[in-house]
Amino acid sequence: MNNAALPATPLLSPQVVWLLCAMSMLPAFSTDIMLPATVLIAEEFEVPGQLGGLLIGGFLLGYGLGQVFWGVASDAFGRRPVILASLGAMTFAAAGCIVAPNFWVLLALRFVHGLCAGAPVVGRAMTRDLGTGPQMVQLLALLMAMISIGPLLAPVIGSALIVFFDWRANFIVLTVIGIVCFVSAVRILPETLKARRPERLSLSFVLRAGRTLLSARDYIIGGGVSVLTFAGYGSVLALGPAVMGVVYGVTPQVFGLLFFLAAASNGLGSLLVRWAGARVPIDRIMTVGIAALAATVLLEGAFLFFVPPLWAFWLSVCLYMISLGIVMPSGMAIALRPAGGMPGFAASFLGMLIMVGAFVGGALATVIYDGSHVAISLVAGILGGLAVILYALGRTGSR
């Protein structure tokens, strides 16, 4: 994509848009670079292999819980200083993971790593600072597409690193990326917040604003569908490496390549939203994504009754990822409609719900894991099905 294709805004130059894209990739990249290594890390620290998935879930839980703080802090103190603080803290946490002496210290550091990852959600709030029209939808879709680039690259890079080095090299790469993003933000990142609101950095504001958002139909429907769909994906993040190794005999290195296909599917969905965003109403795009999700849910339901071959099982994962790529930017754009004068909080509150949902989905799959593929198909099928039902009820209510 050349610079001419980037959304033109008064404040965001193409260089800044690419920095926002890089920051948006950080959480997904930080999560997925570890996917090929989770079982190996668990074995090295002598804990059960499926517990390696907690290194993914711990990051997601921290990422979710931290987002409300970063969002209200950005409303209170401005987007730029909060992004710089987040990038700096995230980089230090990644560096700490390199020297973790045991599994539980590493898990705690992964939680802190996620807790510090506020820059991406503040970056999304910057897009909302610029307006609510097609330009915002396109820029948001671009950020979501770039988020999907992280899973494209991260597992392949992670696989290569554990072949030539060991899992600690993954955290060295994350540390270097954090330093590059921090230095770039210091140099070129502008401030997009027009008026600071320090009174928002309080529990009373969070509770009051949360109730306001959760009473808005668009926030419930768009946000709820996004939360449930991503929670279903959490089962793949938590158990994907273990299931592929135990059930199908796939090595960590080959799993990285398979996950590349799934991530590419997610990116395809996001790019479809970006292409259609200026041509088709966002609600119609969402309907297409929900239809694709419904078809995938039916396929996952069928897999509960037999063990599918590898190609069929992973095809269902890729179809789910295409649906996710369409539903997530569409749902977020719909949810941010009633944000009014608090886009930073609205984006961060939704981000918290999405990441906590992913943690719950992954934890649920881990609890019911029986050494087969069923945990992934069951959790993805149920949560994806609930997303379809919620959207259908929302559409019925709007009529």
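Note that the structure is predicted; figures quoted are calculated from it, not measured.
- Considering only heavy atoms from C-beta on, Asn266 stays 4.5 Å or farther from Ile322 through its side chain.
- Every pair passing ring-ring contact (aromatic ring centres under 6.0 Å, His included) that includes a residue from residues 205-244 is listed here, sequence neighbours excluded: Phe205-Phe345, Phe230-Tyr233.
- Side-chain contact check for Tyr248 versus Trp314: every heavy-atom pair is 4.5 Å or farther apart.
- For residues 69-126, the ring-ring contact (aromatic ring centres under 6.0 Å, His included) pairs, not counting sequence neighbours, are Phe59-His113.
- Across all non-hydrogen atoms, the minimal contact from Ala117 to Ser86 is C-OG, 3.7 Å.
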request  = Would you check, one step at a time, whether the test side chain to side chain contact (heavy atoms under 4.5 Å, CB included) holds for Leu261 with Ser265?
outcome  = CA-CA 6 Å; Leu261 297 177; Ser265 302; 5.5 Å; no
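- Here Asn102 pairs with nothing under the side chain to side chain donor-acceptor pair (under 3.5 Å) rule; sequence neighbours left out.
- Partners of Glu43 under the salt bridge (charged side-chain N to carboxylate O under 4.0 Å, His left out) rule, at least two apart in sequence or in another chain, do not exist in this structure.
- Applying the side chain to side chain donor-acceptor pair (under 3.5 Å) test to residues at least two apart or on different chains, the pairs with a partner in residues 284-293 are Thr287-Tyr391.
- Listed by first then second residue, pairs satisfying salt bridge (charged side-chain N to carboxylate O under 4.0 Å, His left out) with a partner in residues 218-239 read Asp218-Arg337, not counting sequence neighbours.
- A distance of 13.0 Å separates CD1 in Ile285 from CD1 in Ile290, rounded to the nearest 0.5 Å.
- Using a 4.5 Å heavy-atom threshold, the side chains of Thr229 and Leu383 count as separate.
- Under the salt bridge (charged side-chain N to carboxylate O under 4.0 Å, His left out) criterion, Arg208 pairs with no residue at all, not counting sequence neighbours.
- Applying the side chain to side chain donor-acceptor pair (under 3.5 Å) definition to pairs two or more places apart or across chains, those involving residues 158-169 are Glu44-Trp167, Glu44-Arg168, Asp166-Arg168.
- Counting heavy atoms from C-beta on, the side chains of Leu115 and Met90 never come closer than 4.5 Å.
- Remark: Ser226 OG to Leu353 CG distance equals 10.5 Å, nearest 0.5 Å.
- Hydrophobic clustering (side-chain heavy atoms under 4.5 Å, transitive across Ile, Leu, Val, Met, Phe, Trp, Tyr) keeps Leu298 apart from Tyr320.
- Residues Gly289 and Ser323 come closest through the heavy atom pair O-CB, 4.0 Å.
- Residues Thr31 and Tyr63 are not in side-chain contact: their nearest non-hydrogen atoms beyond the backbone lie 4.5 Å or more apart.
- Partners of Ser204 under the side chain to side chain donor-acceptor pair (under 3.5 Å) rule, at least two apart in sequence or in another chain, are Ser202.
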**Request:** Could you go through the side chain to side chain contact (heavy atoms under 4.5 Å, CB included) check for Leu61 and Met355 one step at a time?
**Result:** CA-CA 6 Å; Leu61 181 61; Met355 291 303 127; over 6 Å; no
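- Met321 and Leu257 fall within the same hydrophobic cluster, where Ile, Leu, Val, Met, Phe, Trp and Tyr residues are linked whenever their side-chain heavy atoms come under 4.5 Å apart, directly or through other members.
- Within the 4.5 Å cutoff, the side chain of Asn170 has heavy atoms near those of the Met34 side chain.
- Shortest non-hydrogen contact noted between Ala100 and Phe45 is O-CZ, 4.1 Å.
- Distance CD1/Ile221 to CG/Leu393: 7.5 Å, rounded to 0.5 Å.
- Side-chain heavy atoms closer than 4.5 Å link hydrophobic residues (I, L, V, M, F, W, Y) into clusters, and following such links, even through other members, never connects Val288 to Met332.
- Of all heavy-atom pairs spanning Gly222 and Ala335, the tightest one is C-CB, 4.1 Å.
- Within the structure, no pair that satisfies the ring-ring contact (aromatic ring centres under 6.0 Å, His included) test touches residues 173-196, not counting sequence neighbours.
- Distance CD1/Ile33 to CD1/Ile157: 6.0 Å, rounded to 0.5 Å.
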Show every donor-acceptor pair shorter than 3.5 Å between a side-chain atom in residues 369-379 and any protein atom, with sequence neighbours excluded, or say none if there are none.
residue	atom	partner	partner atom	Å
Asp370	OD1	Ser372	N	3.0
Asp370	OD1	Ser372	OG	2.6
Ser372	OG	Val374	N	3.2
His373	NE2	Phe303	O	2.7
His373	NE2	Phe306	O	3.3
Ser377	OG	Glu300	OE1	2.9

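- Shortest non-hydrogen contact noted between Gly58 and Leu107 is CA-CD1, 4.4 Å.
- Between Val297 and Gly381 the shortest heavy-atom distance is CG1-O, 3.5 Å.
- Looking only at distances, no side-chain donor or acceptor of Ser330 sits under 3.5 Å from a matching main-chain atom of Val327.
- The structure places CD1 of Ile172 at 12.5 Å from CD1 of Ile177, a figure rounded to the nearest 0.5 Å.
- Proximity of Leu258 to Val317: side-chain heavy atoms (C-beta onward) are nowhere separated by under 4.5 Å.
- Counting only heavy atoms from C-beta outward, the side chains of Leu239 and Met244 never approach each other to under 4.5 Å.
- In this structure, Leu109 shares a hydrophobic cluster with Val105, the cluster being traced through Ile, Leu, Val, Met, Phe, Trp and Tyr side chains under 4.5 angstrom apart.
- Note that CD1 of Ile354 is 4.0 Å distant from CG of Leu350, once rounded to the nearest 0.5 Å.
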- Query: Run the side chain to side chain contact (heavy atoms under 4.5 Å, CB included) check on Val225 and Met328 step by step: do they pass?
  - Reply: CA-CA 8 Å; Val225 168; Met328 286 293 289; over 6 Å; no
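- Note on Leu54 and Val39: separate hydrophobic clusters, where clusters join Ile, Leu, Val, Met, Phe, Trp and Tyr whose side-chain heavy atoms are under 4.5 Å apart, directly or indirectly.
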